[in-house]
Amino acid sequence: MLYSIEAGKYIKSVPHEKEYQKWRKKLSDDDYQKVINELNNRIDGSDINTSSWIPGSHWEGTVYEPLFKACNCNVTQSGLFFGLILFELMIERKDVWGFGRYEKGGIPIKGITYFLLNNPPAHP
């Protein structure tokens, strides 16, 4: 589950649904599941995860390469698609995660940072 600290509520839907569905239709279910499995493995091993730091900058030969191809090899769009997949995954997880946009060294981090909530607010 995903909880917005800023809004004080649980999040139930993915933003930019139209774009997300357009890109998702171009990605096979098998490639999608490989990304989900990779993300779950990574998330299960860490209490803090920042979306833009997870896939790295070189996707060739990784489970993330099909995302790039689904977005017609557009770097910006594939990064957004990756972020939306991760956002949806965080909504669907059984554990509860907060999220926000933060800075490191006074410089805004490009992606969303997710952090495990050990004492989450009651879910309505």
Side-chain angles (χ1 to χ4, degrees):
M1 290 186 276
L2 191 57
Y3 184 80
S4 170
I5 302 295
E6 185 176 304
K9 65 179 183 177
Y10 282 89
I11 305 300
K12 297 180 179 171
S13 62
V14 176
H16 311 289
E17 183 70 24
K18 186 177 180 180
E19 292 88 353
Y20 178 74
Q21 290 304 326
K22 177 181 78 172
W23 296 323
R24 178 64 182 92
K25 286 178 185 176
K26 295 180 179 181
L27 185 68
S28 75
D29 290 342
D30 185 52
D31 285 336
Y32 174 79
Q33 192 58 52
K34 287 176 184 175
V35 170
I36 294 300
N37 292 345
E38 179 73 19
L39 288 172
N40 274 320
N41 286 336
R42 179 167 180 127
I43 292 164
D44 288 342
S46 179
D47 291 350
I48 300 173
N49 296 278
T50 300
S51 63
S52 58
W53 299 347
I54 292 174
S57 58
H58 301 287
W59 292 14
E60 189 175 343
T62 73
V63 298
Y64 306 115
E65 184 175 7
L67 304 181
F68 182 66
K69 291 180 179 177
C71 293
N72 298 319
C73 301
N74 182 299
V75 173
T76 301
Q77 288 181 358
S78 58
L80 293 172
F81 185 31
F82 169 82
L84 293 172
I85 290 172
L86 178 58
F87 197 87
E88 180 179 56
L89 173 65
M90 299 308 269
I91 290 171
E92 294 175 357
R93 286 181 61 95
K94 300 295 182 208
D95 45 6
V96 180
W97 293 77
F99 69 99
R101 294 192 179 273
Y102 301 98
E103 295 180 351
K104 182 175 182 181
I107 299 170
I109 298 171
K110 189 173 184 176
I112 294 175
T113 298
Y114 298 92
F115 44 92
L116 186 61
L117 296 177
N118 293 316
N119 191 16
H123 192 275

For the residue pair [X] and [Y], establish whether any side-chain heavy-atom pair is separated by less than 4.5 Å.
X	Y	value
Asp31	Lys34	yes
Ile11	Met90	no
Leu84	His16	yes
Trp53	Ile109	yes

Tell me the closest heavy-atom pair linking [X] and [Y], and the distance in Å.
X	Y	value
Val14	Glu17	O-OE1, 3.7 Å
Pro121	Tyr3	CG-CZ, 3.3 Å
Lys110	Arg101	O-NH1, 3.0 Å

For [X], look at atom [atom1] and say whether over 12 heavy atoms of other residues, nucleotides or ligands are found less than 6.0 Å away.
X	atom1	value
Glu103	CD	yes
Glu92	CD	yes
Lys9	NZ	no

- Message: One thing to verify: whether Asp44 and Arg93 come together as a salt bridge, which I'm taking to mean a side-chain N less than 4.0 angstrom from a carboxylate O.
- Response: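 Yes, Arg93 and Asp44 are salt-bridged.
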- Polar side chain donor-acceptor pair, Gln33 to Asp29, under 3.5 angstrom: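 Result is no, nothing qualifies.
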- Message: Check the orientation of Tyr64 and Phe82. Use parallel for under 30°, tilted for 30 to 60°, and perpendicular for over 60°.
- Response: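 Geometry flag for Phe82 against Tyr64: perpendicular rings.
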- Please work out whether the ring planes of Phe99 and Tyr114 are parallel, tilted or perpendicular, with thresholds of 30° and 60°.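 Rings of Phe99 and Tyr114: tilted, as their planes differ by 30° to 60°.
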- Item | Option passing side-chain contact (heavy atoms from CB on, under 4.5 Å) with Leu39 (candidates Ile85, Val63, Asn49) |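 The passing option is Ile85.
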